[in-house]
Trainee: 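My questions will all concern the structure given below.
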Amino acid sequence: MTKKGKKFIWLLLTSLSLGILSGGKFLYLIFMTLSILILYSYYSIYKGKKNLYHFFWVSNRTLKVGESLNLGYKLNNTGILPIAHAEITCNISKRLGDMKFPVEYAFLSPLQMINIKKEVICRHRGYYKVGELHVKIKDFLNLFEKEIIFNKNIDLIVYPVIHDINNMKLPATEYFGAFRVPYNTHEDYTSIKNIREYVEGDNVKKVHWKLSARLGTPYVKEYELSANTKINIFLDAYEGSFIKDSSGDIEEKMVETGASIINYCLKNNLNTSLSFTAVEKTYIEGRYLNRLEGFLKELIGFQAKGKIPIYEFLSNEVRKLSYGSTLVILTSELNEKIFQTLISLRQRKFNPMLILVNEDKHRKAQERKMEEYIRKKGIETYRITPQSNIKKVLEVSSWILEDKEKAK
């Protein structure tokens with residue numbers, strides 16, 4: 001009951017009391033009129049709640065970040081009594097995207113249906129439930145109100161954007177497989193490309209002894225140049241690394257970058273693993289593109305709520321890896337402890353690659369110096385901002401063009 005309704009009840013009781021004390025018929029008439037109005041108001045709200053139905057719909061249940069989602073609802077008064085005041089609120093997670101769902105006010109005539117449609121641009125990947133509608137109805141005198149919650153519970157999945165990288169500079173650690181490289185030191189001794197006559201200077205180990213014995217002339221085997229790298233990808237999920245990321249755009253860009261790198265690795269049949277520690281540790285690995293869906297499912301639910309800093313997480317995880325392993329580290333900052341961890345990994349013969357995802361304008365002079373130093377130590381370092389084109393930053397061809405321009 002509203003405040004106005006309580007006053008109305010007080011007026012009703014007052015008229016009844018005065019009618020009893022004075023015996024005046026007019027006061028009894030007022031009492032009866034007020035009683036009928038109150039009963040009708042309550043009955044209209046009671047039936048309105050029972051006769052109100054809703055239907056919620058979305059245009060697509062699976063989308064990517066940046067795509068638009070059409071959603072809407074229909075509200076139907078199936079009764080013969082009107083609903084004088086309906087206050088309609090559609091609850092959608094603000095994290096999903098930029099949108100405005102103002103409170104709607106409506107008068108619902110008997111058997112009337114209203115239809116409201118909205119468009120949302122999905123800003124962040126994740127698992128969402130949509131379809132919750134809050135409706136507050138009131139009678140024509142504003143004496144009573146009832147709140148109705150409709151919950152359709154439609155599951156909505158928003159995937160991160162994947163950029164198709166054609167060629168990425170990844171250090172090779174194991175020299176067997178199908179990832180082609182231009183160095184003789186990466187010959188794959190399981191895959192013969194050609195057999196030719198021996199020339200002075202050829203490695204004796206490459207001599208094809210059976211064929212040479214049969215033909216009476218020494219022949220050597222030429223092998224495919226390839227390297228099947230084990231790529232270990234680490235995402236920084238430490239909550240302290242995202243204090244300044246109130247909009248969630250840095251976290252989103254980090255996941256987008258990680259997904260693009262994973263897609264590239266699996267596309268080239270590289271053994272790939274993904275590790276991060278948020279609420280609990282997540283680890284997944286695979287080699288072929290059919291495993292991409294599994295990686296994406298873990299990335300969709302990624303949230304920077306971890307309690308372990310990335311440098312501590314790395315120190316614990318590399319103990320399980322063999323020396324020479326490739327480590328792709330995605331973090332939002334380069335502080336002193338991460339810097340020391342990278343230098344230590346390099347000294348221990350690991351191949352770390354650092355990808356910094358943050359706003360370039362927030363970069364400090366000390367961070368620039370640390371970036372320059374680790375590059376000199378052979379650690380590839382790249383920076384990605386929320387506005388960056390990931391494909392252009394990570395493709396090898398882009399680096400070559402940048403180097404040429406700097407040389408000029």
Side-chain angles (χ1 to χ4, degrees), residues 160 168-174 177 179 227-242 250-251 253-266 268 270-288 291-292 294-358 370-371 374 377-382 384 394:
M168 189 174 173
K169 190 176 181 181
L170 293 171
T173 59
E174 299 175 22
F179 184 42
N228 189 356
T229 312
K230 174 65 182 294
I231 308 298
N232 304 278
I233 300 172
F234 297 93
L235 258 63
D236 186 357
Y238 179 50
E239 61 182 1
S241 300
F242 296 87
I250 299 297
E251 180 186 315
K253 201 69 174 183
M254 183 179 294
V255 170
E256 188 177 319
T257 304
S260 300
I261 295 172
I262 290 168
N263 179 67
Y264 171 79
C265 294
L266 298 180
N268 287 281
L270 302 177
N271 288 320
T272 307
S273 70
L274 171 67
S275 304
F276 59 86
T277 298
V279 179
E280 57 185 22
K281 181 182 173 182
T282 296
Y283 178 84
I284 183 172
E285 62 178 328
R287 180 171 177 178
Y288 302 107
R291 288 286 290 151
L292 180 61
F295 281 91
L296 291 179
K297 285 180 179 178
E298 299 297 342
L299 289 173
I300 289 171
F302 176 87
Q303 288 184 305
K305 294 184 177 180
K307 305 298 181 183
I308 303 175
I310 185 66
Y311 62 85
E312 187 177 326
F313 181 57
L314 283 170
S315 299
N316 294 332
E317 292 301 307
V318 294
R319 296 172 185 171
K320 308 169 188 175
L321 304 176
S322 58
Y323 290 125
S325 297
T326 296
L327 316 177
V328 180
I329 303 158
L330 290 92
T331 183
S332 62
E333 62 176 346
L334 178 57
N335 56 37
E336 186 66 31
K337 290 186 177 180
I338 295 175
F339 172 76
Q340 294 296 340
T341 301
L342 290 169
I343 297 300
S344 173
L345 290 171
R346 189 61 176 162
Q347 290 173 346
R348 291 157 62 188
K349 307 302 179 184
F350 288 103
N351 292 302
M353 173 188 288
L354 178 65
I355 299 177
L356 288 168
V357 185
N358 58 26
M370 287 191 288
E371 282 186 57
I374 60 177
K377 292 295 182 179
I379 300 174
E380 301 287 354
T381 306
Y382 308 103
I384 291 175
L394 296 181

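Fair warning: this is a prediction, and the values are worked out from it, not measured in the lab.
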Trainee: Between Met168 and Met353, what is the shortest heavy-atom contact and its length?
Mentor: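 Taking every non-hydrogen atom into account, CE-SD, 4.2 Å.
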
Trainee: Does any part of the side chain of Leu270, heavy atoms only, come nearer than 4.5 Å to the side chain of Lys230, both counted from C-beta?
Mentor: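 The answer is no, as the side chains (C-beta and beyond) never meet within the 4.5 Å cut-off.
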
Trainee: Report the C-alpha separation of Ile379 and Leu345 in whole Å, then their side-chain angles, then the decisive distance to 0.1 Å, and conclude whether the side chain to side chain contact (heavy atoms under 4.5 Å, CB included) test is met.
Mentor: CA-CA 10 Å; Ile379 300 174; Leu345 290 171; over 6 Å; no

Trainee: Nearest 0.5 Å, what's the CZ-CE distance between Phe242 and Met254?
Mentor: 3.5 Å

Trainee: Can you name the nearest heavy-atom pair linking Phe313 to Ile308, along with the distance?
Mentor: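 Taking Phe313 first and Ile308 second, the nearest heavy atoms are N-CG2, 3.9 Å.
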
Trainee: Would you compute the distance between atom CG of Asp236 and atom CD1 of Ile310 and round it to the nearest 0.5 angstrom?
Mentor: 4.5 Å

Trainee: Do Ile284 and Phe295 make a side-chain contact, defined as non-hydrogen atoms from C-beta onward lying under 4.5 Å apart?
Mentor: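 A side-chain contact exists here, since the closest heavy-atom pair is under 4.5 Å.
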
Trainee: So, for Arg346 and Pro352, which heavy atoms are closest and what is the spacing to 0.1 Å?
Mentor: CD-CD, 4.2 Å

Trainee: Hey, are the side chains of Leu274 and Leu299 touching, using non-hydrogen atoms and a 4.5 Å cut-off?
Mentor: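 Yes, at least one pair of side-chain atoms sits under 4.5 Å.
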
Trainee: Do the side chains of Thr331 and Leu356 get nearer than 4.5 Å, heavy atoms only?
Mentor: yes

Trainee: Backbone N or O of Tyr311 within a donor-acceptor pair of the Ser315 side chain at under 3.5 Å?
Mentor: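 Such a contact is found between Ser315 side chain and Tyr311 backbone.
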
Trainee: Rounded to the nearest 0.5 Å, what's the gap from OG1 on Thr257 to CG on Leu394? Could you check?
Mentor: 6.5 Å

Trainee: Over all heavy atoms of both residues, which pair between Ser332 and Ile250 is shortest? Give the atoms and the distance, please.
Mentor: CB-CG2, 4.1 Å

Trainee: So do Ser241 and Glu333 actually touch side chain to side chain, heavy atoms under 4.5 Å?
Mentor: yes

Trainee: Side-chain contact test, heavy atoms from C-beta onward, threshold under 4.5 Å: evaluate it for Arg291 versus Glu285 and give yes or no.
Mentor: no

Trainee: For the atom pair CZ (Arg348) and CZ (Arg319), what is the distance rounded to the nearest 0.5 Å?
Mentor: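 CZ of Arg319 is found 8.0 Å from CZ of Arg348.
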
Trainee: Would you say Leu334 and Leu342 make side-chain contact, with heavy atoms under 4.5 Å?
Mentor: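 Yes. Closest side-chain heavy atoms under 4.5 Å.
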
Trainee: Hey, could you give me the CD1/OG1 distance between Ile233 and Thr272, rounded to the nearest 0.5 Å?
Mentor: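 Those atoms lie 6.0 Å apart.
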
Trainee: Nearest 0.5 Å, please: how far is CG in Asn268 from CG in Asn263?
Mentor: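 That separation rounds to 9.5 Å.
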
Trainee: For Phe276, which residues count as a ring pair (Phe, Tyr, Trp, His ring centres under 6.0 Å) partner, sequence neighbours excluded?
Mentor: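 Ring pair (Phe, Tyr, Trp, His ring centres under 6.0 Å) check on Phe276 returns Phe302.
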
Trainee: So which heavy atom on Glu251 is nearest to which on Gln303, and how close?
Mentor: OE2-CA, 3.7 Å

Trainee: Looking at every heavy atom in both Asn316 and Lys320, which two are closest together, and how far apart are they?
Mentor: O-CE, 4.3 Å

Trainee: Heavy atoms, side chains only, cut-off 4.5 Å: are Met370 and Ile374 in contact?
Mentor: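 SC-SC contact between Met370 and Ile374 ruled out.
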
